[in-house]
Amino acid sequence: MKIYNTLINKKEEFVPVENGKVKMYVCGPTVYNYFHIGNARPLIFFDVVKNFFEYIGNEVTLVRNVTDIDDKLINRSLEEKIPVSEIAEKYTKAFFADCKALEINPADHHPRATEYIGEMIELIKQLEEKKYAYEVNGDVYFSVSKVEKYGKLSGKKLEDLQAGARVEANKQKKHPADFTLWKRAKPNEPKWTSPWGDGRPGWHTECVVMSRKLLGGTFDIHGGGIDLIFPHHENEIAQAEATNNKKLANYWMHNGYLNIEGEKMSKSLNNFFTARDILKKYNAEAIRFFFLSKHYRSPIDFNENIIKESSQAVKNFYNTIKNADYLTIRNNELEYSEIHLKHKNNFTTAMNDDFNTAKAISVLFDITKAYNKTKDPAFIHLLIELGNVLGFFLDLDVKLSNDLSDISSELIELFINYRNRLKKEKNWEMADAIRNDLKKMGIVLKDTPEGTDWSIEK
RNA sequence: GGCGACAUCGCCAAGUGGUAAGGCAAAGGUCUGCAAAAUCUUUAUCCCCGGUUCGAAUCCGGGUGUCGCCUCCA
């Protein structure tokens, strides 16, 4: 298995710290708003990473933190005029609800920053003792100049950072790139007591503390969006290595950005979409297909057209699964023969190469085609098995059953019976009218040699 | 100013030295009252110029274009 490691900017063979176990930490949401469609990318991608590691026989521990104290929450609290703790509660709930709607598996741990304040203070104290941190008027900063290789993840040099056009005008700092470890509380802001006075921890400290606590000194994979490389992950490394002289993580994986019709998503451009907005129009699998059809490190462009195409592609998988009558063949004992194993191997080979999900999906299409040609149900089993690894075709019991009350089902059957009589009388006009009207309600009829099938489509 | 990524059919996209996967869309055939589904068939020499090589979309150099990071951000 090869993984592209941001630390060395190339692919390398993945070797876990402990054989058969994979420990990963992915930076989760700051709960100050509903998360947007761009945030969905790392959620979906690392969901697949975890699935695949498990599929090939590893025990995986995934940590996805929740940042529930931060300037952004404080600002939001002022806007919505409710306490910070309620903002956090509201959007944490929304986060989990939206993840569920997107069919993203929960992580193994969802630590919240506010539950680890004590440990963060301990870490900052350690940094202070080792002279990596200094306090000015109740604020504590990390001194980046003390770190020999500061910038090794992002490939930045301190000189270059200083030469940058936009330098923070904070005269308290010894170096412009020094970052906040502890921030003094202003009146009415949430606060915790510390050796430096009342305040709150800086964002970069929480991930170090929580990953260390839940995953140990050096864990396998640290993931997140490409924009977190600098300064967030760089600063995590600086703190972690300053305190225990161990690598924080061996592999750093970063997903590319999502753009909206070629432009960065932002509220000012009025092209800001929350995941829940998109979910109103398109289903979770269409969104998942959209993301996974492109390599995770590349930037991806979101627009109405492309999500429709994804939606259609997923629908075509379901056509095959429905035609195969999956729910009745699912428990059949079937063995894979050479041809099935060849497809399976193509799939794992693609995934083993730095999670080439686009290629893996193409294997799913190959299998679909093979089924349609041969009607061999083992292909359907394989399709579902591999699809599940990518997070497709989950909860088929629900998705494949026509979820209506019995009476409604009977009514539809009634319409179908009348329509069949009209068809016998060759009254095509009326027969088509019934089909069209039902379609408008989302009920789709399909005439087959065995009779008329119907299904609910969104 | 510094650092980096990307440019493949109408759209999306895989491919990292051996002669262009796949999806969506489109067109035509089979099937069908029609439609849907399925199935068969058709559609590119890889931004430009130069170089390395027996051989390059793939490596090197130079252009052009798009985007990102350097500030909170997935």
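What you see is a predicted model, and the numbers here were worked out from it, not measured in a lab. Per chain, numbering begins at 1; letters A, B, ... match sequence-line order.
The same atom, C1', is picked in B:G10 and in B:U43; the two are 10 Å apart, to the nearest Å. Taking the C1' atom of each, B:A57 and B:G18 are spaced 13 Å apart, rounded to whole Å. The same atom, P, is picked in B:U42 and in B:G23; the two are 14 Å apart, to the nearest Å. A distance of about 31 Å separates the P atoms of B:C54 and B:A44, rounded to the whole Å. Across B:C31 and B:A36, the matching P atoms stand 16 Å from one another, rounded to whole Å. B:A38 and B:G62: their P atoms are spaced 50 Å apart (whole Å). Comparing B:A21 with B:C70, their P atoms sit 40 Å apart, to the nearest whole Å. Comparing the C1' positions of B:G65 and B:C59 gives an interatomic distance of 22 Å, to the nearest angstrom.
The cationic group of A:Lys72 lies under 6.0 Å from the six-membered ring centre of A:Tyr32 and within 45° of the ring axis, placing it in a cation-pi geometry. Figure legend: cation-pi geometry between A:Lys156 and A:Phe230, with NZ or CZ positioned under 6.0 Å from the six-membered ring centre and within 45° of its axis. No cation-pi contact links A:Lys399 to A:Tyr318, judged by a cut-off of 6.0 Å to the six-membered ring centre and 45° from its axis.
Checking B:C11, B:A14, B:A74 against every side-chain atom of A:Leu258, the shortest atom distance belongs to B:A74. Counting only heavy atoms from C-beta on, A:Leu228 has its side chain closest to B:A74 among B:C11, B:A14, B:A74. Comparing B:C69, B:G15, B:G23 by their nearest atom to the side chain of A:Lys156 picks out B:C69. For A:Asn255, whose side chain is taken as the heavy atoms from C-beta onward, the closest listed nucleotide among B:C24, B:A74, B:C12 is B:A74. Checked against B:C11, B:A14, B:C72, the side chain of A:Pro231 finds its nearest nucleotide in B:C72. For A:Glu309, counting side-chain heavy atoms from C-beta on, the closest listed nucleotide (B:A74, B:G22, B:G10) is B:G10.
Nucleotide B:C69: paired with B:G2 (Watson-Crick or G-U wobble, both distances less than 3.5 Å). Partner assigned to B:U30 is B:A38, using Watson-Crick or G-U wobble distances below 3.5 angstrom. Pairing for B:G18 goes to B:C54, judged as Watson-Crick or G-U wobble with the two contacts each under 3.5 Å.
Heavy atoms of A:Arg435 sit under 4.0 angstrom from at least one base atom. Note on A:His36: a base of the nucleic acid sits closer than 4.0 angstrom, heavy atoms only.
When atom types are taken as modelled, the side chain of A:Asn303 and the backbone of A:Glu261 share no donor-acceptor pair closer than 3.5 angstrom. Proximity of a side-chain donor or acceptor of A:Asp70 to a complementary backbone N or O of A:Leu73 within less than 3.5 Å is not detected. Panel note: side chain A:Asp68, backbone A:Ala88; no donor-acceptor pair is recorded below 3.5 Å.
A donor and an acceptor atom never sit less than 3.5 Å apart when one is taken from the side chain of A:Asn346 and the other from the base of B:G22. Residue side chain A:Arg41 does not reach the base of B:A74 through any donor-acceptor N/O pair under 3.5 Å, judged by distance alone.
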Show me the protein contacts with nucleotides 36-43 of chain B, counting only N or O atoms at under 3.5 Å.
residue, atom, partner, partner atom, Å
B:A37, O2', A:Asn323, ND2, 2.9
B:A38, O3', A:Asn372, ND2, 3.4
B:U39, OP1, A:Asn372, ND2, 3.2
B:C40, OP1, A:Lys373, NZ, 3.0

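Taken residue by residue, residues 419-428 of chain A places heavy atoms nearer than 4.0 Å to RNA chain B at A:Arg419, A:Lys423, A:Trp428.
Other residues, nucleotides and ligands contribute only 12 or fewer heavy atoms inside 6.0 Å of the NZ atom of A:Lys191.
Here the options are A:His233, A:Arg297, A:His222, A:His254, the test is side chain to side chain donor-acceptor pair (under 3.5 Å), and the partner is A:Thr6; only A:His254 passes.
Under the 30°/60° scheme for interplanar angles, the aromatic rings of A:Tyr251 and A:Phe14 are found to be tilted. Using bins of under 30°, 30° to 60° and over 60° for the plane-to-plane angle, the ring pair A:Phe219/A:Tyr25 lands in the tilted bin.
Under 3.5 Å, the side chains of A:Asp447 and A:Thr452 contain a donor-acceptor pair of N or O atoms.
Under 4.0 angstrom from either OP1 or OP2 of B:C69 there lies at least one side-chain N or O belonging to A:Lys264.
Heavy-atom nearest nucleotides on RNA chain B were determined for A:Lys11 and for A:Asp227, and the one closer to the 5' end corresponds to A:Lys11. Remark on RNA chain B: of its neighbouring residues A:Phe365 and A:Phe290, the 5'-side contact belongs to A:Phe290, judged by nearest-heavy-atom nucleotide.
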